[in-house]
Amino acid sequence: MASKNTIEYYADISFMSSKILSRLFIKELGMNFSDWRTRLKLLEAIKRLGEKQSIKEIALDLGYETASAFIFMFKKHLGTTPANYIYTNTTKI
């Protein structure tokens, strides 16, 4: 999951230009490649949080240099930290 491949890489293996692939992301998904990759990482993080994996393990597996960088990204997009997300979603059960 920690793939740091660029859109150019995926375009190349798909036998198209990065410009065309970028347009396809916008047309088909309504978001650019970078936003799509971030959302994919968030979905994977939420799944792993539900599996009780540590935040540090998730962060490193998803390609973040530190747990702090992962926590910052998580909070920026979901409005809460991973720890608070776990607490909020496990206390509702």
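Considering only residues two or more places apart in sequence or on other chains, Y64 meets the ring-ring contact (aromatic ring centres under 6.0 Å, His included) condition with F70. Legend: residues meeting side-chain hydrogen bond (donor to acceptor under 3.5 Å, both in side chains) with T6, ordered by chain and number and at least two apart, are E8. Under the side-chain contact (heavy atoms from CB on, under 4.5 Å) criterion, I13 pairs with Y9, Y10, not counting sequence neighbours.
Put simply, CE on M31 and CZ on R37 are 13.5 Å apart, with the number rounded to the nearest 0.5 Å. One finds the CG atom of L60 at 8.5 Å from the OG1 atom of T66 (value rounded to the nearest 0.5 Å). For the atom pair CG of L21 and CD of E28, the computed distance is 11.0 Å after rounding to the nearest 0.5 Å. Going from atom OG1 of T38 over to atom CZ of F33 covers 9.5 Å, rounded to the nearest 0.5 Å. Once rounded to the nearest 0.5 Å, the distance linking NZ of K19 with CZ of R23 reads 5.0 Å.
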Going through the checks in order, is the side chain to side chain contact (heavy atoms under 4.5 Å, CB included) test met by L78 and I46? CA-CA 11 Å; L78 297 179; I46 290 167; 3.9 Å; yes
Trace of the side chain to side chain contact (heavy atoms under 4.5 Å, CB included) decision for L49 with Y85: CA-CA 9 Å; L49 288 168; Y85 185 90; 4.3 Å; yes
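Between I55 and A83 the shortest heavy-atom distance is CD1-N, 3.8 Å. The shortest heavy-atom contact between A59 and A67 is CB-CA, 3.8 Å.
Taking 4.5 Å as the limit, every side-chain heavy atom of I58 sits out of range of all side-chain heavy atoms of P82. In this structure, the side chains of L24 and M16 come closer than 4.5 Å at one or more pairs of heavy atoms. In this structure the side chain of L29 reaches within 4.5 angstrom of the side chain of W36, judged on heavy atoms. Between T80 and K75 there is no side-chain heavy-atom pair separated by less than 4.5 Å. For the pair S22 and I7, the minimum side-chain heavy-atom distance is below 4.5 Å.
Here the rule is side-chain contact (heavy atoms from CB on, under 4.5 Å) with F74, and of T81, L42, L62 only L42 fits it.
R39 places no side-chain N or O within donor-acceptor distance of the main-chain N or O of S34, the cut-off being under 3.5 Å.
Within a 6.0 Å sphere centred on CD of E65, heavy atoms belonging to other residues, nucleotides or ligands number 12 at most.
Looking at E51 and R48, no side-chain N of the basic residue comes within less than 4.0 Å of a carboxylate O on the acidic one, giving no salt bridge.
Linking Ile, Leu, Val, Met, Phe, Trp and Tyr residues whenever their side-chain heavy atoms come within less than 4.5 Å leaves F72 and L40 in two separate clusters.
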